[in-house]
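All figures in this text were calculated on a predicted structure; none of them were measured in a lab. Read the numbers this way: they start at 1 and go in the same order the structure lists the ligands and their atoms.
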Amino acid sequence: MIFAIKPFEIHDGDGIRTTVFFKGCPLRCQWCHNPESWSPKKELLFDAELCRDCLKCVSLCDAHIQSGTSHLFERKNCTACEKCVSVCPSGALEIAGMELSAEEIAEEALKDELFMKGSGGGVTFSGGEPLMQVDLCVDVARRIKARGVNLAIDTCGAVPRSAIDQILPFVDTFLFDIKAIDEQTHVACTGVSNKQILENLRYVDSLGIPIEIRYPYVPTMNDMEDERIACFVKDLKHVTCLRVLPYHSYAERKYARMGLPYPLPNVPVPTKEEISAVVEKLKKCGLANVSTF
Ligand code: SF4
Ligand code: SF4
């Protein structure tokens, strides 16, 4: 179950990359900009701002209700069967989630193979958490590596050790998120403990695989974690860089399309100066390669 395959990505590892977004995630980060990645199942997204109340969908399904001359969406009645999507003239209805075979995913992901190879790029598995579907990941990865293409795995790390072991033979680089070192802060930010995540990170490091650490910096949530993260990362041996990912609120409309309240309505977006100061602080903690996007 995939929710997107995006070509020409430049923020998901080295060079030009195609990123495969796997659906399903064990974390619920408050700042997540891909809430459609959380569930491992297909979901219907409804954009009330695009709906023109044409009512063409109403006769198709109990989830679409006529109220006077207006349309109402009753999400609990929706089974994501997709029937209504094609009748909507305004693009208000969209399905998040595609069931594709490993062969189909690899074929799509390798379309820009020449650009990827020419730029030192490759394919990145992201999500959601790709390793929640580790058997599918391995099947796609085998096809990608058979063509000599670089493979990066963008993981939250909250997966069984066995999933890491299964994918290891195919991975060139891990992109590994650290949201917080303090466990209580981590639970408050993501809903889960960071114990397994940090153990898996130490394990991957012990195997000598290059790791890019990613620190999503979210004011009022985990902005006090910078020095703790620096101390933790300094003890790792194979970190190529630490990237600070500044919080943004572009995903607000996605939450509305899923019928969810936006979790961080009052969190300020950090300024460039604030992010530069965080980068400098991390460098002063002794980390050689710290950057941001
Ligand atoms: S996706 Fe299927 S179940 Fe959901 S609202 Fe549309 S027609 Fe109904
Ligand atoms: S078909 Fe689309 S535009 Fe028409 S009522 Fe349904 S959701 Fe709204």
- [ ] Count the heavy atoms belonging to other residues, nucleotides or ligands that lie under 6.0 Å from NZ of K56, then report whether that count exceeds 12.
- [x] no

Under 4.0 Å from any heavy atom of [X], which atoms of ligand 1 are there?
X	answer
T79	3 (S), 4 (Fe)
C84	1 (S), 5 (S), 6 (Fe), 7 (S)
A63	5 (S)
H64	5 (S), 6 (Fe)
C61	3 (S), 5 (S), 7 (S), 8 (Fe)
A80	1 (S), 3 (S), 4 (Fe)
L44	5 (S)

Task: Atoms of ligand 2 close to H71 [distance to a heavy atom under 4.0 angstrom, numbered from 1] - done: 5 (S), 6 (Fe)

Task: For S90, the ligand 2 atoms whose distance to one of its heavy atoms is below 4.0 Å - done: 3 (S)

Task: Over all atoms of both residues, closest heavy-atom pair of L60 and K83 - done: CD1-O, 4.0 Å

Salt-bridge contact [X]-[Y] (side-chain N to carboxylate O under 4.0 Å):
X	Y	value
D172	K145	yes
R253	D47	yes
E199	R202	no

Among protein heavy atoms, which sits nearest to [atom], and what does the distance come to when rounded to 0.1 Å?
atom	value
atom 1 (S) of ligand 1	E82 N, 3.3 Å
atom 2 (Fe) of ligand 1	C81 SG, 2.3 Å
atom 4 (Fe) of ligand 2	C54 SG, 2.3 Å
atom 6 (Fe) of ligand 2	C57 SG, 2.3 Å
atom 8 (Fe) of ligand 2	C51 SG, 2.4 Å
atom 5 (S) of ligand 2	L55 N, 3.2 Å

TODO: Please determine if atom 4 (Fe) of ligand 1 has an N/O/S atom from C78 lying under 2.8 Å away.
DONE: yes

TODO: Identify whether NZ of Lys or CZ of Arg in R161 sits under 6.0 Å from the centre of the six-membered ring of Y203 and within 45° of that ring's axis.
DONE: yes

TODO: Measure from NZ or CZ of K6 to the centre of the six-membered ring of F21, then state whether that distance is under 6.0 Å and the direction lies within 45° of the axis.
DONE: yes

Open item on the list: For the residue pair S291 / R243, report whether a side-chain donor-acceptor contact shorter than 3.5 Å exists.
Closed with: yes

Open item on the list: Less than 4.0 Å is my threshold; does some heavy atom of R52 fall inside it relative to ligand 2?
Closed with: yes

TODO: Have a look at Y255 and tell me which of Y262, Y250, W31 forms a ring-ring contact (aromatic ring centres under 6.0 Å, His included) with it.
DONE: Y262

TODO: Check step by step if salt bridge (Lys or Arg N to Asp or Glu O under 4.0 Å) holds for K111 and E107.
DONE: CA-CA 6 Å; K111 269 188 180 160; E107 190 181 327; over 6 Å; no

Open item on the list: Given 3.5 Å as the limit, does a donor-acceptor pair link the side chain of N222 with the main chain of A180, or not?
Closed with: no

